[in-house]
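As structure tokens, the structure follows; a few thoughts come after it.
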Protein chains: 2
Amino acid sequence: MPVSDKKTPIHQVMQEEVETGPVDGLILEERLGYALRRAQLKVFKHFDEAMREHDIRPAQFSALVIIEGYPGVTQASLAQTLAIDPPRVVNLVNTLESRGLAVRVRSKRDRRSYGIFLTRAGEALVVTLKALSEQSDLTATQGLSDIERRQLLALLRRVYSPQAPEK
Amino acid sequence: MPVSDKKTPIHQVMQEEVETGPVDGLILEERLGYALRRAQLKVFKHFDEAMREHDIRPAQFSALVIIEGYPGVTQASLAQTLAIDPPRVVNLVNTLESRGLAVRVRSKRDRRSYGIFLTRAGEALVVTLKALSEQSDLTATQGLSDIERRQLLALLRRVYSPQAPEK
DNA sequence: TATTGTTATACTCTATAACTATA
DNA sequence: TATAGTTATAGAGTATAACAATA
């Protein structure tokens, strides 16, 4: 594609003169989206390693923890808490159910909805997974002190739920 | 809360008794991956809105900013900085080139590689986009003070590049 | 009429292997 | 042989519309 060459045809500019090495001190690092993505990539990489043995994906882990904390939670509520759409929850719960970690129980009150419960196997697994993920977070952020790690968590919380108390 | 108590088959437990409302105070909120994902979802949503008019995706924006800062950057270097794989860079640059925002210039030194440069249109656009994204970050984090916003950015940087100076 | 869960579908993002052309 | 870029492909993740059963 011919460059718009109002004055200096870009083709003639620097060819030999440019140093193209590792890039830092970038303006991009001032952008929140970039920083969040890079940090998440790292934290998720550690998480994946920690969960590999149990073949658990991030969304599956989150679902297990929520179900543990709120036995009988509905799929709609699960979708809201995970910030995913109902169709994904169906797949998610299908997987957990087929692996014997959770069960759907039809609600007597509202027979359209299900309550989701952990099985014994699910309860046992989630205990293990929580410990693993906690350790994974620590190793992923070993450059931070405990205080800094809590600061980071608090700031992130205030980004995604603005009215949350600082705690 | 009548959680499965050692003996009772989970199916028989609570059916009517469970309150399934909005969920907070969750253990999940202590997990870095969850917090990062939620924060990123929010920041990216604002970013998407800000860029909608220009039909620019996050990776495209990042690429434009990098090319602006490092004219003649190679695709391999771009891949490394964006933390994406070389095949994605091909598509990325194809899009930018077809939209007249950037051009590939074959390197004389190493004729396997290209230097990527912004066109005039690309240079003009990236100035606009940087201002928009800066504003987008501010509105996405309006619950934070300037100091807190910089703290967050600094902490994130130290997560994804552990040896970086605190600045 | 509205809501819960479901199916189907498509689109983006991401990862991998294999190819080409240069070095 | 090694590297830069490319092609092809497949798998996640995500979003949307439309449907069935129930309220």
Side-chain angles (χ1 to χ4, degrees), chain A residues 18 20-22 33-34 36-38 40-42 44-45 47-49 51-52 55-63 72-98 102-116, chain B residues 15 18 20-21 33-34 36-38 40-42 44-45 47-49 51-52 55-63 72-98 102-116:
Chain A
V18 182
T20 61
Y34 180 83
L36 283 168
R37 177 171 173 277
R38 293 298 298 255
Q40 191 188 316
L41 279 176
K42 170 149 185 189
F44 270 47
K45 193 167 77 66
F47 180 87
D48 280 348
E49 277 172 29
M51 296 293 145
R52 183 170 305 150
D55 192 25
I56 288 288
R57 307 295 312 150
Q60 294 170 349
F61 169 75
S62 296
V73 66
T74 64
Q75 295 187 189
S77 187
L78 210 48
Q80 191 183 342
T81 307
L82 292 173
I84 65 181
D85 302 279
R88 273 195 71 194
V89 177
V90 175
N91 253 299
L92 203 50
V93 176
N94 282 348
T95 303
L96 297 180
E97 208 169 25
S98 72
V103 288
R104 288 178 172 92
V105 179
R106 197 119 230 173
S107 164
K108 288 176 185 166
R109 285 190 180 169
D110 184 341
R111 291 170 39 73
R112 290 173 304 183
S113 69
Y114 297 98
I116 316 292
Chain B
Q15 196 78 319
V18 183
T20 61
Y34 179 83
L36 283 168
R37 177 172 172 277
R38 294 297 298 255
Q40 192 189 314
L41 279 176
K42 171 149 184 187
F44 270 46
K45 193 168 77 66
F47 181 87
D48 280 349
E49 277 171 31
M51 297 292 146
R52 182 168 307 148
D55 192 25
I56 288 288
R57 307 293 312 150
Q60 294 170 348
F61 170 75
S62 297
V73 65
T74 64
Q75 297 188 188
S77 187
L78 211 49
Q80 191 184 342
T81 307
L82 292 173
I84 65 182
D85 302 279
R88 275 194 71 193
V89 178
V90 175
N91 254 299
L92 204 50
V93 176
N94 282 348
T95 303
L96 297 180
E97 207 169 24
S98 72
V103 287
R104 288 177 171 92
V105 180
R106 197 117 230 175
S107 165
K108 287 175 186 166
R109 285 191 179 166
D110 183 342
R111 289 168 40 71
R112 291 172 302 183
S113 68
Y114 297 98
I116 316 293

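Quantities reported herein were computed from a predicted structural model and do not represent experimental measurements. Just so we're on the same page: letters track the sequence lines, and every chain starts at 1.
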Over how many whole Å does the gap from [X] atom [atom1] to [N] atom [atom2] extend?
| X | N | atom1 | atom2 | result |
| --- | --- | --- | --- | --- |
| A/I56 | D/dA12 | CD1 | C1' | 16 Å |
| A/L92 | D/dA12 | CG | C1' | 13 Å |
| A/R106 | D/dA21 | CZ | P | 11 Å |
| B/K108 | C/dT22 | NZ | C1' | 18 Å |
| A/I116 | C/dT4 | CD1 | C1' | 11 Å |
| A/N91 | D/dA15 | CG | P | 15 Å |
| A/F44 | D/dA12 | CZ | P | 16 Å |

- Given DNA chain C, 5'-ward residue of the pair B/D110 and A/G115, judged by closest heavy atom: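 Nearest nucleotide further toward 5': that of A/G115.
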
- Taking for each residue the nucleotide of DNA chain C bearing the nearest heavy atom, is the 5' side occupied by A/L41 or by A/A76? A/A76

Which nucleotide wins on minimum distance to the side chain of [X], given the candidates [options]?
| X | options | result |
| --- | --- | --- |
| A/P87 | C/dT6, D/dT6, D/dA4 | C/dT6 |
| A/R57 | D/dG5, C/dC13, D/dG13 | D/dG13 |
| A/R111 | D/dT22, D/dT6, C/dA8 | D/dT22 |
| B/Y114 | C/dA23, C/dT6, D/dT6 | D/dT6 |
| B/D85 | C/dT6, C/dA15, D/dT22 | C/dA15 |

- Item | A/A83 to B/L41 - nearest heavy-atom pair and separation |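 Where A/A83 meets B/L41 most closely, the heavy atoms are CB-CD1, 4.0 Å.
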
- Item | Shortest non-hydrogen contact between B/P86 and B/A79, atoms and distance | N-CB, 4.2 Å

- Message: Would you say the rings of A/F47 and A/F61 are close, in the sense that their centroids are separated by under 6.0 Å?
- Response: yes

- Give a yes or no on whether a donor-acceptor pair under 3.5 Å exists between the nucleobase atoms of D/dT3, that is its base, and the side chain of B/R112.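 Pair found.
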
- Item | A/P87: which of A/N91, A/I84, A/D85 passes side-chain contact (heavy atoms from CB on, under 4.5 Å) |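 Result for side-chain contact (heavy atoms from CB on, under 4.5 Å) with A/P87: A/D85.
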
